[in-house]
Protein chains: 2
Amino acid sequence: MELTTSSNIKVVTAKESKINSVDFENLTFGNVFTDHMLVCDYHDGAWDQPVIMPYESFTMDPSSRVFHYGQAIFEGMKAYKDDNDDVWLFRPDQNFERFNKSAVRLAMPEVPEEVFLGGLHKLLEVEKDWVKKGKGNTLYIRPFMIATGQGVIASPSNEYRFCVILSPAKAYYSGEVKVVIADHYSRAANGGIGAAKAAGNYSGQFYPTKLANEKGFQQVIWTDDATHTKLEEAGTMNVFFRINDTLYTAPTSERILDGVTRKSIVELAPTLGINVEVRPVLVSEIVEAAKNGTLKEIFGAGTAAVVNPIAGFSYQDTYYELPKLENSFAAIIKEKLTNIQHKLDTDTFGWTVKV
Amino acid sequence: MELTTSSNIKVVTAKESKINSVDFENLTFGNVFTDHMLVCDYHDGAWDQPVIMPYESFTMDPSSRVFHYGQAIFEGMKAYKDDNDDVWLFRPDQNFERFNKSAVRLAMPEVPEEVFLGGLHKLLEVEKDWVKKGKGNTLYIRPFMIATGQGVIASPSNEYRFCVILSPAKAYYSGEVKVVIADHYSRAANGGIGAAKAAGNYSGQFYPTKLANEKGFQQVIWTDDATHTKLEEAGTMNVFFRINDTLYTAPTSERILDGVTRKSIVELAPTLGINVEVRPVLVSEIVEAAKNGTLKEIFGAGTAAVVNPIAGFSYQDTYYELPKLENSFAAIIKEKLTNIQHKLDTDTFGWTVKV
Ligand SMILES: Cc1ncc(COP(=O)(O)O)c(C=O)c1O
Ligand SMILES: Cc1ncc(COP(=O)(O)O)c(C=O)c1O
């Protein structure tokens with residue numbers, strides 16, 4: 001697959017690069033940004049010409065709808081550099097498609113492919129020095145769209161801004177991750193916006209996560225909001241459970257984000273001799289499996305952390321510790337997926353796309 | 001009740017007022033703002049001194065958390081001017097309390113009373129000319145708080161901005177309102193943020209409302225997301241149903257906003273000889289009552305529209321028209337409530353507070 005190009009992009013170069021002031025060995029996820037960003041505004045029913053310009057602040061009216069009604073969506077992707085200094089993306093078409101699905105659900109205009117992928121292509125050419133070689137080094141890509149139209153009336157905006165910002169990254173999580181299985185709070189409603197990567201889905205998770213943190217847990221495993229009996233996502237990741245030698249993950253739904261990492265693992269694992277079943281996963285069976293020793297692993301899956309092993313979980317105040325395995329599925333899958341992404345292993349799936 | 005005052009507010013006056021350029025007879029809701037706004041920033045665990053300053057744009061980093069994670073809440077209130085040129089608020093303590101409940105649920109810092117109510121008090125003194133006399137004329141008040149901290153990582157911000165903007169208003173809705181009863185989409189999850197006035201609750205309603213609009217309906221009546229059998233809110237209002245001579249409205253819950261208008265009506269109606277019952281209201285009973293002629297009225301209740309009569313509803317593609325009544329409860333209640341708010345009738349409840 002070739003990455004979309006666009007010749008219709010204006011480039012305004014930053015006077016100076018701040019790259020030499022960045023300590024690439026000690027990065028905190030998501031708080032250093034590169035010299036440039038892509039900006040494209042929508043008004044009067046059409047998109048302007050996209051502009052690559054120096055990373056700088058926006059000027060926004062206090063009545064901008066994003067502040068009042070949360071009309072905002074985003075994506076998360078990464079760029080990788082191989083040993084020949086080529087820059088690669090992982091399944092960017094999936095992020096582009098999902099972005100526009102989110103846009104539709106939030107009553108926002110879809111972003112054209114030339115703007116999203118063509119714009120990203122050009123931006124990565126401009127910022128290629130920010131993608132560092134070496135496994136684990138990535139450039140995190142954050143496309144997002146916000147409602148910039150003015151007026152405190154609860155209806156869709158007529159004006160939007162699409163933007164892509166870039167942040168060099170190392171691994172996302174560090175240390176052991178212990179989770180709480182939600183039995184009261186939830187992240188998504190039936191018929192809600194859980195399947196969209198919408199800003200409003202995240203702020204609602206902060207308070208329950210804070211409560212979990214206060215009890216010594218890093219994340220929450222979300223369950224279905226109606227019955228709290230089905231295990232759906234872990235923090236901001238999809239989630240896999242290994243019982244004996246089979247991996248289980250919930251089917252995507254209105255409440256669950258269709259994660260690129262998740263769907264890649266579902267395809268990849270069988271090629272590594274790991275059996276995957278996509279079906280609803282019940283809290284009761286996981287608790288039971290933890291008790292009888294057949295529950296071997298739980299891990300989150302998402303772009304930021306790739307695969308994030310979970311050390312144990314708490315459910316209704318009982319803590320269940322998971323075994324520490326030598327050759328965990330989490331480690332095998334993470335290794336393989338990371339190698340494909342960094343072009344250290346053959347990509348038989350055609351997932352990697354050269355910039 | 002006395003309105004909180006604060007002496008710790010800095011005032012920077014606008015050079016010129018734009019009040020003379022505003023056509024107060026032809027206002028569109030929520031898109032003209034007064035000369036000043038109140039701004040108060042939170043950082044390093046504390047609130048700055050609030051500032052009343054000219055209404056102007058914010059400068060915000062592209063990675064500000066409100067853009068990515070929807071950490072944003074708001075309130076909606078109104079100021080009224082009586083015939084003696086005194087300015088009044090309606091139950092401002094309720095909005096203040098609800099704002100801080102929303103803040104807690106969204107993992108945001110609570111706003112002190114001196115800032116929220118004291119700041120509003122001072123702002124209304126500065127902007128008193130923008131509150132026009134005459135029934136139906138109001139100054140809509142929009143307090144809101146957004147996460148201004150930087151970084152594309154899904155965790156609560158450390159920096160926030162609290163702001164109050166003011167918009168002169170006439171009546172909110174015009175014309176007949178026909179609604180669709182939701183049988184697929186929903187606005188709130190069990191264990192979610194539906195009871196908070198959080199930005200993220202609104203953008204999710206836009207798409208289903210657009211679908212309703214395309215079929216000739218103005219609003220959606222939201223049902224519980226798990227079963228779609230209980231009637232919960234109408235658009236961005238609470239909702240009342242009159243069967244024979246009793247009004248029914250759902251109890252507030254995690255999914256339903258505790259509306260100030262709703263709770264005032266629950267107290268007020270009995271004093272007008274109208275019986276109110278707070279209990280779950282089922283779709284099935286409303287459809288049944290519509291069929292057998294006992295369903296007399298449906299109306300929404302909220303600060304913007306006060307009381308908003310509904311002409312008919314559609315459920316699973318059948319349209320049910322409501323009777324046109326001479327002396328509707330909606331009209332009686334709206335008249336009384338509006339008179340109390342505008343100080344044209346005695347406020348035996350102590351709801352009105354002088355600025
Ligand atoms: C709620 C949620 N679930 C799952 C994921 C994982 O999706 P992906 O693998 O596409 O990054 C994300 C994003 O990272 C997410 O925000
Ligand atoms: C979702 C929702 N329900 C109900 C209401 C009514 O609340 P209040 O009467 O306090 O304005 C509002 C706000 O107007 C709202 O946003």
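The model shown is predicted, which means the values in this text are computed figures rather than measured ones. Chain naming here is simple, since letters A, B, ... match the order of the sequence lines and numbering starts at 1 in each.
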Engineer: Is chain B contacted by the side chain of A:M108, its backbone, both, or neither, given a heavy-atom distance below 4.5 Å?
Structural biologist: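 Contact with chain B: none, neither part.
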Engineer: Out of B:Y185, B:Y140, B:Y69, B:Y202, which one racks up the most heavy-atom pairs below 4.5 Å with chain A?
Structural biologist: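 Highest number of heavy-atom pairs under 4.5 Å: B:Y69.
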Engineer: Looking only at atom types and distance, does a side-chain atom of B:R105 sit under 3.5 Å from a main-chain N or O of B:N100, one as donor and one as acceptor?
Structural biologist: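 Not confirmed, B:R105 side chain does not pair with B:N100 backbone.
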Engineer: Could you tell me which portion of B:Q71 (side chain, backbone, both or neither) has an atom closer than 4.5 angstrom to a non-hydrogen atom of chain A?
Structural biologist: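 For B:Q71, backbone and side chain are both near chain A.
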Engineer: As a quick check of understanding, evaluate side chain to side chain contact (heavy atoms under 4.5 Å, CB included) for B:F58 and B:R161, giving each step before the final call.
Structural biologist: CA-CA 10 Å; B:F58 297 156; B:R161 168 163 289 190; 3.0 Å; yes
Engineer: Which atoms of B:L106 come close to chain A, meaning under 4.5 Å heavy atom to heavy atom: side chain ones, backbone ones, both, or neither?
Structural biologist: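 For B:L106, backbone and side chain are both near chain A.
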Engineer: Between B:M145 and chain A, which part of the residue has a heavy atom less than 4.5 Å away: side chain, backbone, both or neither?
Structural biologist: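 Neither part; nothing is under 4.5 Å.
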Engineer: Measure B:V104 against the heavy atoms of chain A and call it side chain, backbone, both or neither at under 4.5 Å.
Structural biologist: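 For B:V104, the contact with chain A is made by backbone and side chain together.
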Engineer: Strictly below 4.0 Å, N to O, side chains only: are B:R142 and B:E75 in salt-bridge contact?
Structural biologist: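 No, no charged N to carboxylate O under 4.0 Å.
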Engineer: Name the option with the most non-hydrogen atom pairs under 4.5 Å to chain A; the candidates are B:T227, B:I193, B:T59, B:I73.
Structural biologist: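 Most heavy-atom pairs within the cutoff with chain A belong to B:T59.
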Engineer: Does any N or O in the side chain of B:S64 come within less than 3.5 Å of the main-chain N or O of B:G149, such that one atom is a donor and the other an acceptor?
Structural biologist: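 Pair absent, no side-chain N/O of B:S64 close to backbone of B:G149.
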Engineer: Answer with side chain, backbone, both or neither: which region of A:F144 has an atom nearer than 4.5 Å to a non-hydrogen atom of chain B?
Structural biologist: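 Contact with chain B: side chain only.
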Engineer: Hey, which of A:S167, A:P208, A:A188, A:A198 has the most heavy atom pairs under 4.5 Å with chain B?
Structural biologist: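 Top option by heavy-atom pairs under 4.5 Å: A:P208.
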Engineer: Among B:G200, B:A199, B:A189, B:A107, which has the most heavy-atom pairs under 4.5 Å with chain A?
Structural biologist: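 Highest number of pairs under 4.5 Å: B:A199.
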Engineer: Strictly under 6.0 Å, is that where the ring centroids of B:F74 and B:F162 end up?
Structural biologist: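 Between B:F74 and B:F162, the centre distance exceeds or equals 6.0 Å.
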Engineer: Backbone N or O of B:G70 within a donor-acceptor pair of the A:S203 side chain at under 3.5 Å?
Structural biologist: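 Yes; judged by distance alone, with no hydrogens or angles, the pair exists.
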Engineer: Under 3.5 Å, side chain of B:S186 to main-chain N/O of B:D225, donor-acceptor pair present?
Structural biologist: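 Not a single qualifying donor-acceptor pair exists.
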Engineer: Of all of A:S63, A:G192, A:A72, A:G151, which one pairs up most often with chain B through heavy atoms under 4.5 Å apart?
Structural biologist: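 Most heavy-atom pairs within the cutoff with chain B belong to A:S63.
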Engineer: Taking it one step at a time, do B:S155 and B:R65 satisfy side chain to side chain donor-acceptor pair (under 3.5 Å)?
Structural biologist: CA-CA 9 Å; B:S155 63; B:R65 304 228 176 169; 3.0 Å; yes
Engineer: Output yes when a side-chain donor or acceptor of A:E127 lies under 3.5 Å from a complementary backbone atom of A:H36, and no otherwise.
Structural biologist: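 Here the side-chain-to-backbone pair exists.
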Engineer: If you count heavy-atom pairs under 4.5 Å between each of B:I165, B:V32, B:V39, B:T28 and chain A, which one has the most?
Structural biologist: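 Max contact count across the listed options: B:I165.
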Engineer: For each of A:P62, A:P156, A:A226, A:C163, tally heavy-atom pairs with chain B at distances under 4.5 Å, and name the one with the top tally.
Structural biologist: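 Heavy-atom pair counts peak at A:P62.
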Engineer: Relative to chain B, which of A:R255, A:Q205, A:H68 shows the most heavy atom pairs under 4.5 Å?
Structural biologist: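 Looking at each option in turn, the highest pair count goes to A:H68.
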Engineer: By a 4.5 Å heavy-atom criterion (distance strictly below it), what part of A:E254 contacts chain B: side chain, backbone, both, or neither?
Structural biologist: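 Side chain only.
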Engineer: Looking at B:N31, B:V66, B:D61, B:N201, which has the largest count of heavy-atom pairs under 4.5 Å with chain A?
Structural biologist: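 Among the listed options, the one with the most contacts to chain A is B:D61.
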Engineer: When you look at NZ of A:K215, are more than 12 heavy atoms from neighbouring residues, nucleotides or ligands closer to it than 6.0 Å?
Structural biologist: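 Not buried by this count: 12 neighbours or fewer within 6.0 Å.
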Engineer: Count the heavy-atom pairs under 4.5 Å between each of B:F206, B:F33, B:Y207 and chain A, then report the option with the highest count.
Structural biologist: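 The answer is B:F206.
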Engineer: Start with the C-alpha gap between A:D183 and A:T223, add the side-chain angles, then the distance that decides, and say whether side chain to side chain contact (heavy atoms under 4.5 Å, CB included) holds.
Structural biologist: CA-CA 7 Å; A:D183 58 2; A:T223 50; over 6 Å; no
